[in-house]
Amino acid sequence: MSDTNQCSSETHHNTSCEMGMHDHHSKCPCGCGSEHPCYMHMWKVAFHEAKKSVMVDILKVKIKNVYGQKMEETADLMLEAMEAKKNGETTLKNKLHDIWEK
């Protein structure tokens with residue numbers, strides 16, 4: 001986890017390590033003096049993005065194993081509620097249309 005702290009201190013002017021450089025007129029954040037992000041910086045950023053991606057994939061599997069059934073049931077309920085709302089809104093719109101078209 002020290003990589004994250006190092007990255008945060010080196011790119012303190014950015015909102016995240018992944019974003020690299022926003023200002024194309026700035027020098028490379030690694031301190032090499034280049035007028036644009038150098039290959040070393042780009043590889044470092046890519047490494048952190050890949051590492052984060054692997055971490056997310058691992059967490060997805062673990063979360064699905066622990067909470068998968070509950071999340072499936074919740075998703076079903078949410079879809080039912082959204083469909084009911086849509087149908088209710090359609091019914092309401094039709095009733096309002098009938099009232100105002102008289």
Side-chain angles (χ1 to χ4, degrees):
M1 287 300 168
S2 62
D3 293 335
T4 304
N5 293 338
Q6 181 183 5
C7 186
S8 296
S9 65
E10 288 178 5
T11 58
H12 64 278
H13 61 280
N14 295 327
T15 57
S16 77
C17 298
E18 297 168 7
M19 298 181 79
M21 293 178 57
H22 291 290
D23 185 3
H24 296 290
H25 304 290
S26 298
K27 295 196 180 286
C28 182
C30 81
C32 68
S34 175
E35 294 297 322
H36 52 81
C38 71
Y39 288 108
M40 187 66 177
H41 174 71
M42 289 189 285
W43 276 97
K44 184 177 181 180
V45 170
F47 172 80
H48 287 291
E49 288 176 11
K51 188 169 131 181
K52 179 180 175 185
S53 177
V54 170
M55 291 165 64
V56 168
D57 290 342
I58 291 169
L59 283 172
K60 283 181 182 180
V61 171
K62 291 190 179 286
I63 289 168
K64 186 170 185 171
N65 289 337
V66 174
Y67 300 106
Q69 184 62 39
K70 289 180 182 180
M71 293 177 103
E72 290 283 340
E73 292 173 14
T74 301
D76 290 342
L77 287 173
M78 293 303 297
L79 288 173
E80 285 178 31
M82 290 167 55
E83 189 63 31
K85 181 180 177 189
K86 183 178 110 184
N87 290 338
E89 287 176 355
T90 302
T91 303
L92 177 62
K93 286 178 186 176
N94 289 338
K95 288 180 180 179
L96 287 172
H97 181 70
D98 290 344
I99 291 171
W100 288 97
E101 292 297 316
K102 289 182 182 177

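- Salt bridge annotation for K86-E89: absent, with no cationic side-chain nitrogen under 4.0 angstrom from a carboxylate oxygen.
- Note that CE of M78 and NZ of K85 are 9.5 Å apart. Values are rounded to the nearest 0.5 Å.
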Chi angles and distances behind the side chain to side chain contact (heavy atoms under 4.5 Å, CB included) call for K60, V56: CA-CA 6 Å; K60 283 181 182 180; V56 168; 3.7 Å; yes
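- To the nearest 0.5 Å, atoms OG1 (T74) and CE (M71) are separated by 7.5 Å.
- Taking 4.5 Å as the limit, every side-chain heavy atom of M40 sits out of range of all side-chain heavy atoms of C32.
- With rounding to the nearest 0.5 angstrom, the CE atom of M55 is 7.0 Å from the CG atom of L59.
- Summarising the geometry, atom NZ belonging to K95 is positioned 8.5 Å from atom CD1 belonging to I99; distances are rounded to the nearest 0.5 Å.
- With hydrophobic clusters built from ILVMFWY side chains whose heavy atoms lie under 4.5 angstrom apart, I63 shares a cluster with V66.
- Atom NZ of K64 is separated from atom CD of Q69 by 10.5 Å, given to the nearest 0.5 angstrom.
- Side-chain N or O atoms of S53 include none that pairs as donor or acceptor with a backbone N or O of E49 at under 3.5 Å.
- The nearest pair of heavy atoms linking P37 to C28 is CA-SG, 3.8 Å.
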